[in-house]
Amino acid sequence: MSFLNDNFIADFLVVLLKLIFGLIKEYSVTVMLVALFVRLALLPFDLKQRRSARLMASIAPEVEGIKKRYANNPNQVNAKIQQLYKEHGISTLAGCLPLLIQLPLLLAFFGALKSIATQETISLFLRAAENGSDTIRLTRWLWVNNLWQPDSGMAGVLPTTSEFLSFLQSNANIIKPQTMQLLQTKGLILFNNGVLSVNEAAYTILKDNIITANGLTGYTNGWFGLPVIAAGTMFLQQWISSRRNKTPNQDQMKYMKYVYPILSLLFCTTSNAMFAIYWAFTNIYSMGTDILYNYFYEKKQAKQKLQI
């Protein structure tokens, strides 16, 4: 069981994203504003975790000394380290709690943006079938031609026939039966003996007409820009954090500086571009708060040393 109910948070985020989008009419800014709102709400937990990390870094030499002194008695090592933590007011839970909160939030944001991407993509095709392809304007952002597709040089501006079928199947729990009925009525999907399939001819013509109407024939959906930014900012964030906070278990975690950015790159390359914007923004936010916290922490420490 997760620390938070992912589905409940995802549903709340969908409502919040749509509410703010209704006011500013720009999805990329909407995602960043909601992400900022959520991170500011979690700021007290975040600051507590950062304080705990800095304190653990400051007593790292003492921890290493305890490990060497009681190398033949693991129970004594743990007891002495816990006593040391208690003396310095360090809470091990303070380091875990933000992670327990942030993982469900990450999954909830992914679920919320996936839900909105599903609604927007299907709505796009239904409106094109109803009113004509020339009435459709794709949701674009800088170099990304369609924010509901991945920012990838291997992704099309709109899903292919097989991709659209997989899209419908993987989002079956999101799409309402009435929506599936509308897609069938417009001749875009078929049900043969209860088996879902895409009407390839009708779908391909509509898809190509939408792309042509937006002047994007022959274009891919992006240049891998957002996945690279997300991976790069995650690497920088972890590098800054590890450089400042030399914790006792840092050697065990050093490889994660490379694993997490690679996972970010792969995940953002296959997810809709809107989620990649969210991921990149939260990394930049974390870097900024880390730099500011370290600056004020070191300034406070220097002031305390002068008073001594």
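The shown structure was predicted, so the numbers you read here are calculated from the model rather than taken from an experiment.
Here the shortest heavy-atom pairing between A280 and I229 reads CB-CG2, 3.9 Å. When every heavy atom of Q169 is checked against every heavy atom of L196, the shortest pair comes out as CG-CD2, 4.3 Å. When all heavy atoms are compared, the tightest approach of E163 to P159 is OE1-CA, 3.3 Å. When every heavy atom of A231 is checked against every heavy atom of S264, the shortest pair comes out as CA-CB, 4.1 Å. Of all non-hydrogen atoms in A230 and N283, the two that sit nearest each other are O-ND2, 3.0 Å.
E120 and Y27 share a donor-acceptor pair across their side chains, judged by distance under 3.5 Å alone. A side-chain donor-acceptor contact under 3.5 Å links T212 and T217.
For residues 179-189, every residue pair satisfying the salt bridge (charged side-chain N to carboxylate O under 4.0 Å, His left out) rule, not counting sequence neighbours, is listed here: E130-K186. Within the structure, the ring-ring contact (aromatic ring centres under 6.0 Å, His included) test picks out no pair touching residues 173-194 (sequence neighbours left out). Here side-chain hydrogen bond (donor to acceptor under 3.5 Å, both in side chains) pairs that include residues 192-209, with residues two or more places apart or in two chains, are T161-T204.
Contact of the R127 side chain with the I136 side chain is registered, since non-hydrogen atoms from C-beta on lie closer than 4.5 Å. Residues T220 and V157 have side chains not in contact (no heavy-atom distance under 4.5 Å, counting atoms from C-beta outward). At a threshold of 4.5 Å between non-hydrogen side-chain atoms, the residues I24 and T30 count as touching. Annotation: side chain of N272 is not in contact with side chain of D151 (no heavy-atom distance under 4.5 Å). Inter-residue side-chain proximity for L188 and L182 is flagged as unmet; no heavy-atom pair is nearer than 4.5 Å. For the pair M287 and L236, the minimum side-chain heavy-atom distance is below 4.5 Å. Contact check for M234 versus Q238: side-chain heavy atoms found under the 4.5 Å cut-off. For the pair T118/I175, a side-chain contact is recorded, criterion being any heavy-atom separation below 4.5 Å from C-beta on.
L265 and W239 fall into different hydrophobic clusters, defined by Ile, Leu, Val, Met, Phe, Trp and Tyr side-chain heavy atoms under 4.5 Å apart, directly or through other members. A chain of hydrophobic side-chain contacts below 4.5 Å, direct or via other Ile, Leu, Val, Met, Phe, Trp or Tyr residues, connects V144 to F21. A single hydrophobic cluster is seen to contain both M274 and I9, as judged by linkage of ILVMFWY side chains at heavy-atom distances under 4.5 Å, directly or through other members. Linking Ile, Leu, Val, Met, Phe, Trp and Tyr whenever their side-chain heavy atoms come within less than 4.5 Å leaves I122 and I205 in two separate clusters. Hydrophobic clustering of Ile, Leu, Val, Met, Phe, Trp and Tyr side chains at less than 4.5 Å, counting indirect connections, unites V29 with W141.
Under the side-chain contact (heavy atoms from CB on, under 4.5 Å) test applied with L158, the options L206, I211, N214, T121 reduce to a single match, I211. Of the listed residues (W148, F164, F167), just one forms a ring pair (Phe, Tyr, Trp, His ring centres under 6.0 Å) with F125, and that residue is F164.
Note that CG of L124 is 9.0 Å distant from OG1 of T135, once rounded to the nearest 0.5 Å. Separating the CG atom in L165 from the OG1 atom in T160 is a distance of 9.5 Å, to the nearest 0.5 Å. Rounded to the nearest 0.5 Å, atoms CG (L142) and CG (L147) are 9.0 Å apart. Atom CG of D11 sits about 12.5 Å away from atom CG of L16, to the nearest 0.5 Å. Separation of atoms OG1 (T185) and CE (M180) is listed at 11.5 Å; rounding is to 0.5 Å.
Every side-chain hydrogen bond (donor to acceptor under 3.5 Å, both in side chains) that E26 has, sequence neighbours left out, goes to S28. A276 is linked by a side-chain contact (heavy atoms from CB on, under 4.5 Å) to L226, C268, counting only residues two or more places apart in sequence or in another chain. Among residues two or more places apart in sequence or in another chain, the side-chain hydrogen bond (donor to acceptor under 3.5 Å, both in side chains) test is passed with S115 by Q119. Residues passing the side-chain contact (heavy atoms from CB on, under 4.5 Å) test with W223 are W143, sequence neighbours excluded. The ring-ring contact (aromatic ring centres under 6.0 Å, His included) search around W279 returns F267, F275, not counting sequence neighbours. Legend: residues meeting side-chain hydrogen bond (donor to acceptor under 3.5 Å, both in side chains) with T289, ordered by chain and number and at least two apart, are R50. A search for side-chain hydrogen bond (donor to acceptor under 3.5 Å, both in side chains) contacts involving R140 returns N145, not counting sequence neighbours.
Side-chain N or O atoms of N146 include none that pairs as donor or acceptor with a backbone N or O of L138 at under 3.5 Å. Remark: side-chain polar atoms of N221 are not paired, donor with acceptor, to backbone N or O of A155 under 3.5 angstrom. At distances below 3.5 Å, at least one donor-acceptor pair connects side-chain atoms of S166 with backbone N or O atoms of S162. Side chain of T270 to backbone of L266: a donor-acceptor contact under 3.5 angstrom is found.
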Using residues 105-114 as the side-chain source, report each donor-acceptor pair under 3.5 Å to any protein atom, sequence neighbours left out, with the distance given to one decimal.
none

If you look only at distance, which donor and acceptor atoms sit under 3.5 Å apart when one is on a side chain in residues 33-40 and the other is two or more places apart or in another chain?
from	atom 1	to	atom 2	distance (Å)
R39	NH2	S286	OG	3.4

